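Input: one structure, supplied below.
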Amino acid sequence: MDDYPEHEARRYNPAAIEPKWQQRWLDGDLYQVENDDPRDTRYVLSMYPYPSGPAHIGHVRNYTFGDLLVRYHTMQGKAVLSPIGFDSFGLPAENAAIKSGEHPRPFTDARIEELTTSLRRMGAVYDNRRTIKSHDPSYMYWNQKFFIDFWNNDLIYRTTAPVNWCPGCQTVLANEQVVDGRCERSDDPVERRDLEQWFCRITNYAQELLDELDDLEWPDRVKVMQRNWIGRSEGAEFGLPIADTDGNPQTDVEPLTVYTTRPDTSFGMTFAVMSPEHPRVDELTTDEQRPLVEAFRQEVANKSEIDRLSTEGAIEKRGVFTGGRVINPFNNKPIPVYLADYVLMTYGTGAIMAVPGEDQRDWDFAEAYGLDIIRTVQPPDDFEGEAYTGDGPAINSEWLNGLEMAEAKAKAIEWLEKRDLGEAKVNYRLRDWLFARQRFWGCPIPMIYCDAGCGRHGIVPAPESDLPIVAPDDVEFQPSGESPLLHHEGFLNTTCPECGGPAKRETDTMDTFVDSAWYFLRFCDPWSDEVPFATAAAEKFMPVDQYIGGIEHAILHLMYARFFTKALADLGYAPKDLREPFKRLFTQGMVRMGGSKMSKSKGNTVSPEEYVDAHGADSLRLAILQAKPPAEDVDFEDFQLEGCERFLNRVWRLAATDSDFITGVRHGDPTESDREIEGDTHRLIDRVTGEYERWAYNTAVAAFMEFTNSLYKYVQADQGPHGPTLDFAIDSLLQLMAPAVPHITAELWAMGHEGEHIHERSWPVADPSKLTVSTVTMVLQVNGKVRDRVEVDVDISDDEAESLALASERIQAQLDGAAPRKVIVRAPKLVNVVA
RNA sequence: GCCCGGGUGGCGGAAUGGCAGACGCGGCGGAUUCAAAAUCCGCUGUCCGAAAGGGCGUGUGGGUUCGACUCCCACCCCGGGCACCA
């Protein structure tokens with residue numbers, strides 16, 4: 001039988017209190033914000049989660065940081081916009097559907113339900129009225145509306161292009177989704193296919209996407225990744241006249257255009273290289289070389305992306321001579337034209353001038369094929385490498401000789417422009433966004449192919465009255481992974497909105513990154529039917545003040561979301577001056593499982609759900625906050641769950657009104673030690689507020705523990721605690737902890753304050769006059785080594801400090817009779833005696 | 001190869017030019033208990049020493065400084081990103 005019935009009520013029992021408070025937050029309106037709320041706003045947003053079932057530990061870490069901020073800013077008196085939604089289209093649901101034969105919708109809805117419940121059990125609070133889901137037709141409506149608008153404004157186009165095809169996923173992939181030649185999702189080797197596809201002109205915004213990075217409060221590494229991805233380069237584009245068999249320029253033939261970032265080295269151009277896919281290869285190839293060229297092009301076409309990108313393999317096998325020649329316009333000399341697999345048709349002009357003296361790839365190629373190498377930049381005397389890519393005076397370059405790189409570049413470009421041969425040119429590595437996928441579980445592309453050829457390229461947008469186009473329910477999933485829409489006659493067949501004749505619907509769906517490219521705007525006003533969001537609502541809340549998510553989205557999602565925001569502003573949906581969606585970005589580290597082996601004893605086989613069942617959400621949240629600075633990766637086994645639970649128990653014993661820990665308190669005038677605790681409390685408020693502001697949650701938790709340890713000593717001291725001092729200390733501690741561990745603090749507060757709700761309290765403010773201490777420990781050093789310490793008044797003078805130091809026995813022992821050479825005084829912190 | 005991070009006790013980490021190791025985990029000792037768990041209190045970088053005290057100590061080597069985990073130079077190791085982009 002239970003031996004301690006009377007203790008049962010006193011013990012900290014998270015299972016009893018957490019669901020109660022979660023229900024209260026769900027039913028209440030504390031975390032709901034109205035669009036006409038007069039308070040100052042804060043928009044705190046965690047990245048749109050893919051609903052994969054109950055929260056895993058990575059989710060919990062992410063949403064704990066977000067929830068802490070939401071609660072903190074709410075206590076600071078802000079109108080905090082804290083919505084959540086679900087990135088609910090995508091492959092996992094579709095793959096489950098292919099396996100089970102069932103429609104992905106019920107599967108997805110069930111996963112959303114699980115994740116919602118799971119996050120609620122972690123104590124996370126949201127404005128639940130604003131929740132959105134990608135697969136909700138009212139959200140799809142706007143995706144489709146935007147698509148048509150983009151099409152009408154030439155931001156969407158359709159073209160044949162070599163695309164990345166993933167045979168496993170049976171769909172095309174965006175460049176960004178190909179990692180080392182493999183599919184980011186399935187890891188299958190990606191094939192190249194020429195297919196007609198939907199593209200979005202994100203490159204229209206390349207320069208703006210680059211420039212506006214500067215003003216964002218984002219981690220530098222994310223900005224660097226974005227800059228690299230955009231890959232701006234400055235150079236020149238110019239024509240190389242095609243040579244006839246005698247090596248003279250053919251004036252009636254269009255020259256071969258090349259792009260280079262080093263026009264200053266043009267005199268060192270000893271050959272040219274074209275991409276094997278270049279449309280003019282046939283024209284430049286001589287009959288003699290044609291069989292070799294054809295074989296080479298065939299070989300490259302069959303090569304997987306992996307092989308082609310690999311730097312392995314002899315360079316001799318990676319190119320072929322076309323037999324053709326072009327003229328270097330700088331010195332009018334004919335040079336041979338080669339093909340090489342590493343020259344890409346998708347960058348620049350698909351053809352390059354080769355300057356082996358200043359480019360290592362060209363150097364290697366020249367050596368392999370016995371081509372001339374001419375240096376046009378003087379390397380430094382101690383240079384030992386092959387190609388020299390550094391700065392230096394131009395040589396072997398006629399009228400450029402002696403100029404440094406920058407000057408020579410400018411002069412070469414000027415020379416080209418004057419002769420109408422070429423011009424300065426900026427290139428970007430960023431490509432247009434491959435917008436569609438051959439999948440079922442996504443937002444259908446609302447376009448119609450008219451058999452009679454109406455519209456632009458025979459393509460007509462679906463009439464607005466038909467939107468949203470929603471995929472049918474009666475579909476059969478193919479084991480091949482093919483989209484069932486391809487075989488659904490009812491969906492496929494339609495009539496042309498322009499001529500009324502027979503027409504076919506597009507069966508492709510949008511990349512799911514489209515869904516997450518503007519959801520944060522919809523959160524501002526998810527109720528509107530007439531507009532995707534009221535401009536005024538976006539003006540009120542945007543940009544997101546604090547965006548929180550994983551580093552894995554550093555390029556894809558963030559680039560697309562930035563692009564969408566700019567495009568929607570330019571199309572008049574979003575405020576015109578809203579150029580960037582996320583003012584501050586925080587990328588939290590990942591939670592690694594099993595840095596070393598998993599073991600039951602360490603508790604690391606436990607899921608967040610199981611842990612919460614047994615120990616409560618608050619100690620899990622606290623352990624997450626305490627473990628490491630939020631930006632760093634953490635091993636699950638490093639969470640100090642037992643220590644955190646023990647600490648919450650200590651707080652409970654201290655603060656619970658029915659606890660037997662505090663047996664009596666003093667009243668009347670406070671003593672010296674009371675004033676010390678009061679000062680500690682003010683300093684705690686000051687410290688924790690600052691640490692919350694700068695994401696130093698791990699040290700904030702340390703501060704709670706330190707302070708609690710002091711309070712324990714204080715309460716147990718002979719004189720006992722002073723009532724008002726103790727109340728102030730405990731109240732402040734609970735308020736400061738409330739954003740981190742919301743349930744236990746709410747329960748303890750309600751217990752001591754007649755049912756009041758701690759999260760509706762305002763944030764405590766430290767009294768600046770009580771932050772300072774009256775005495776401090778001053779350190780006495782000899783030659784920078786600590787030899788003694790003395791308690792001194794904070795406002796001790798430098799002279800007094802110095803004489804105290806020189807009077808110290810330990811200092812004198814160190815000096816051993818010698819006179820100090822110098823004394824450095826930093827009163828009241830330290831005195832350093834230099835012997 | 002280039003660009004970012006990072007390297008501190010047995011472990012996670014703290015300290016942004018001024019007491020290295022806060023806080024937690026683990027360990028050791030004590031109190032309480034018939035006993036244990038829980039709880040409370042104390043100790044816990046390392047070496048020498050009975051102690052007082054002292055030597056050594058923040059990846060390595062140099063430098064700046066009265067004073068360096070912290071700033072500068074060179075290097076080593078770990079993690080991440082980029083890498084035929086002309």
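Every chain is numbered from 1 and lettered A, B, ... according to where its sequence line falls, protein lines coming before strand lines. Bear in mind the structure is a predicted one, so any value in this text is a computation, not a measurement.
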Strictly under 3.5 Å: I want the nitrogen or oxygen pairs between protein and nucleotides 56-58 of chain B, one per line.
| residue | atom | partner | partner atom | Å |
| --- | --- | --- | --- | --- |
| B/C56 | OP2 | A/Lys785 | NZ | 3.3 |

remark   = Contacts of A/Asp214 meeting salt bridge (Lys or Arg N to Asp or Glu O under 4.0 Å) (sequence neighbours excluded), chain-then-number -> A/Arg227

key: Qualifying residues under side chain to side chain contact (heavy atoms under 4.5 Å, CB included), relative to A/Ala703, sequence neighbours excluded   = A/Leu684, A/Arg687, A/Val688, A/Glu691

request  = Counting Watson-Crick and G-U wobble pairs only, both distances under 3.5 Å, name the nucleotide matched with B/U64, or none.
outcome  = none

inquiry  = Taking pairing as Watson-Crick or G-U wobble with both contacts under 3.5 Å, can you name the mate of B/G57, or confirm there isn't one?
reply    = none

request  = With the side chain of A/Gln781 defined as its heavy atoms from C-beta on, choose the nearest nucleotide among B/C3, B/G18, B/A86.
outcome  = B/G18

ask   = Mapping A/Tyr428 and A/Arg826 to their closest nucleotides on RNA chain B, which lands nearer the 5' end?
value = A/Arg826

ask   = What nucleic acid atoms does A/Arg429 come within less than 4.0 Å of, heavy atoms only: base, sugar-phosphate, or nothing?
value = base

task = For A/Asn427, answer base if it contacts any base atom (sugar-phosphate contacts may also be present), sugar-phosphate if it contacts only those atoms, and nothing otherwise; contact means non-hydrogen atoms under 4.0 Å.
result = nothing

Check: protein-nucleotides 25-27 of chain B nitrogen or oxygen pairs below 3.5 Å:
| residue | atom | partner | partner atom | Å |
| --- | --- | --- | --- | --- |
| B/C25 | OP1 | A/Arg646 | NH1 | 2.9 |
| B/C25 | O4' | A/Gln640 | OE1 | 2.8 |

key: All salt bridge (Lys or Arg N to Asp or Glu O under 4.0 Å) counterparts of A/Glu386, not counting sequence neighbours   = none

query = For A/Glu234, what residues pass the salt bridge (Lys or Arg N to Asp or Glu O under 4.0 Å) criterion, not counting sequence neighbours?
reply = A/Arg232

ask   = Does one side chain, of A/Asn709 or A/Arg650, offer a donor that lies under 3.5 Å from an acceptor on the other?
value = yes

ask   = Looking at B/G54, B/C82, B/G13, which one has an atom nearest to any side-chain atom of A/Glu632?
value = B/G13

key: Modelled atom types, side-chain donor and acceptor of A/Thr346 and A/Arg431, under 3.5 Å   = yes

query = Now, which nucleotide makes the Watson-Crick or G-U wobble pair with B/G49, with each of the two distances under 3.5 Å?
reply = none

task = If B/G29 has a Watson-Crick or G-U wobble mate with both distances under 3.5 Å, name it; if not, just say none.
result = B/C41

ask   = Can you name the residues that form a side chain to side chain contact (heavy atoms under 4.5 Å, CB included) with A/Asn427, not counting sequence neighbours?
value = A/Ser233, A/Tyr259, A/Tyr347, A/Lys425

ask   = Across the strands shown, which category fits A/Tyr712 at heavy-atom distances under 4.0 angstrom: base, sugar-phosphate, nothing?
value = sugar-phosphate

request  = Give the nucleotide from the list B/C41, B/G81, B/A86 with an atom nearest to the side chain of A/Tyr347.
outcome  = B/A86

request  = With sequence neighbours excluded, tell me which residues meet side chain to side chain contact (heavy atoms under 4.5 Å, CB included) with A/Asp391.
outcome  = A/Glu404, A/Met405

ask   = Is there a Watson-Crick or G-U wobble partner for B/C2 with both distances under 3.5 Å, and which nucleotide is it?
value = B/G81

query = What residues in residues 228-237 of chain A put a non-hydrogen atom under 4.0 Å from any atom of RNA chain B?
reply = A/Ser233

query = Do you know the tightest heavy-atom contact between A/Gly350 and A/Val343?
reply = O-CG1, 3.6 Å

inquiry  = Checking contacts here: which listed nucleotide (B/G18, B/G12, B/C19) is nearest the side-chain heavy atoms of A/Val779?
reply    = B/C19

Residues in side chain to side chain contact (heavy atoms under 4.5 Å, CB included) contact with A/Ile551, at least two apart in sequence or another chain = A/Arg221, A/Val222, A/Met225, A/Ala554, A/Thr587

Separation between the P atoms of B/G53 and B/U64, rounded to whole Å = 34 Å

query = Glycosidic conformation of B/G81, syn or anti, with 90° from 0 as the boundary?
reply = anti

key: Counterpart residues, salt bridge (Lys or Arg N to Asp or Glu O under 4.0 Å), relative to A/Asp798 (two or more places apart)   = none

ask   = Sequence neighbours excluded, which residues qualify as side chain to side chain donor-acceptor pair (under 3.5 Å) partners of A/Ser803?
value = none

Candidate nucleotides B/G81, B/G42, B/C66, ranked by approach to the side chain of A/Lys713 - the nearest = B/G42

remark   = Of the candidates B/A86, B/C66, B/C41, the side chain of A/Thr260 sits closest to B/A86

ask   = Looking at B/G18, B/G13, B/C19, which one has an atom nearest to any side-chain atom of A/Asn832?
value = B/G18

request  = Can you tell me the pairing partner of B/C34 across any strand shown, Watson-Crick or G-U wobble, with both distances under 3.5 angstrom?
outcome  = none

